[in-house]
Amino acid sequence: MPASPVSSTIAGTDAEQFLRLYHGETGRPGLTERLERLRLGGRDNLDLSTAELTFGARVAWRNSIRCVGRLPWAGLRVRDLRHVIHADEVFGHLVRHLHASFAGGRIQPTISVFGPGVRIHNDQLLRYAGYRQPGGGVVGDPQNVALTQHLRQLGWEGGAGTPFDLLPLAIEARGRIHLFSLPTEAAPEIQITHPNCESIGKLGLRWPALPVVSNMTLGVGGQHFVCAPFSGWYMQTEIASRNLADADRYDVLPAVAQALGLDMGRRRSLWLDRALLELNVAVLHSFDMAGVRIIDHHAATRQFQHFETCEAAAGRTVYGHWSWLIPPPSPASTPIWSRQYDNTEVSPNFLLQRPAWETSVLTTSGCPFNDR
Ligand code: ARG
């Protein structure tokens with residue numbers, strides 16, 4: 001089990017603190033009875049109602065110190081699927097989650113909370129394969145080489161071998177691991193084009209339309225939900241300044257600079273910076289053209305300021321991890337630059353998991369794997 005983040009200032013066990021928080025913030029009556037019920041059921045047996053789980057997941061988002069996009073935390077859609085423990089059903093619900101959260105491009109922040117014994121081995125639902133080449137290079141996303149190898153070991157035959165092969169999902173349920181391929185219509189992608197540089201469009205770059213993070217445990221009142229994938233809309237910097245640009249990811253800046261006809265002879269020409277900026281322009285443009293919601297770092301940081309104002313008005317402290325909140329491009333042009341944050345992690349929250357292939361006994365030799 002992952003360690004719980006330190007709890008807030010309210011006294012008592014995690015479970016008690018959570019119930020006090022829930023009743024305090026929502027104004028619902030019945031705290032005394034609820035605490036009594038907790039005591040009767042054993043102090044750790046919280047047995048959350050759907051309303052409590054919903055509130056807990058929303059507050060977990062509100063408390064996520066690395067997230068700049070927390071303003072709409074109270075609108076998170078929570079799918080209470082704690083009764084779902086069979087892999088086939090989990091997969092069906094994941095497909096429905098993708099459709100509901102994508103919502104034809106409007107993108108609704110959504111989380112699905114599955115039952116005990118369920119875990120998704122992929123760190124996100126929409127990930128591209130990374131194929132290690134004999135010469136040492138990688139075709140695809142180098143960040144996903146280990147995941148790709150893991151899926152191969154589980155029986156995946158591999159994709160077409162393009163840089164953008166979507167990976168199947170490995171769903172662990174009731175002690176077995178099952179592989180599933182997402183239908184194309186459940187996995188929307190955006191082709192990257194530039195408003196006035198056609199050559200950038202010809203690079204064939206693309207990215208999933210939404211991130212669906214599936215490797216974080218939702219911790220609410222001392223309960224840990226290991227399978228709780230959540231999704232929202234992208235900020236363009238995530239794709240343009242990191243996923244596609246990082247030298248140890250897709251490393252496309254040289255190709256973009258070439259497409260732009262920049263002087264790449266010396267770094268002092270700032271060709272890297274220009275390529276980065278135009279790639280950011282291209283990603284925003286492409287999502288806009290496709291009618292898919294995406295936020296830019298200026299709007300996101302201003303929204304964050306608004307979030308801080310709202311939280312202060314509610315008498316709450318905003319915790320934050322400054323180096324995660326500032327955007328990679330032009331950070332000093334955003335209001336977060338000059339701010340300081342306390343990076344304490346309070347509960348409820350999301351906790352990072354170690355990759356399944358490093359921890360799961362099921363994935364070592366003789367795993368009871370069921371290919372389908
Ligand atoms: N940075 C991650 C990625 O590029 C996604 C993390 C969640 N991002 C979000 N906008 N909800 O895939």
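One-based numbering, in listed order, for ligands and for the atoms of each.
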**Distance-only polar pair, side chains of S112 and H97, donor-acceptor under 3.5 Å** = yes
**Asked** Do T110 and R77 meet the criterion of a side-chain donor-acceptor pair at a distance under 3.5 Å?
**Response**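 No - no donor-acceptor pair under 3.5 Å links their side chains.
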**Asked** Is L277 linked to I239 within one hydrophobic cluster, defined over Ile, Leu, Val, Met, Phe, Trp and Tyr using a side-chain heavy-atom separation of less than 4.5 Å?
**Response**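 Per the 4.5 Å side-chain linkage, L277 and I239 are not co-clustered.
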**Message:** Check for me, please, whether L276 and L203 land in the same ILVMFWY cluster - side-chain distances under 4.5 Å, paths through other members count.
**Reply:** yes
Just the distances, no angles: every ligand 1 N or O to protein N or O pair closer than 3.5 Å, one line each.
| from | atom 1 | to | atom 2 | distance (Å) |
| --- | --- | --- | --- | --- |
| ligand 1 | 1 (N) | E238 | OE2 | 2.8 |
| ligand 1 | 4 (O) | N243 | ND2 | 2.8 |
| ligand 1 | 8 (N) | E238 | OE2 | 2.7 |
| ligand 1 | 10 (N) | W233 | O | 2.8 |
| ligand 1 | 10 (N) | E238 | OE1 | 2.8 |
| ligand 1 | 12 (O) | Q124 | NE2 | 2.9 |
| ligand 1 | 12 (O) | Y234 | OH | 2.9 |

**Request:** Show the numbers, then the answer: is there a side-chain hydrogen bond (donor to acceptor under 3.5 Å, both in side chains) between Q236 and N280?
**Result:** CA-CA 6 Å; Q236 102 285 353; N280 275 265; 2.9 Å; yes
**Item:** Flag side-chain contact, heavy atom, 4.5 Å: S64 against N349
**Value:**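 Yes; the side chains approach each other to less than 4.5 Å.
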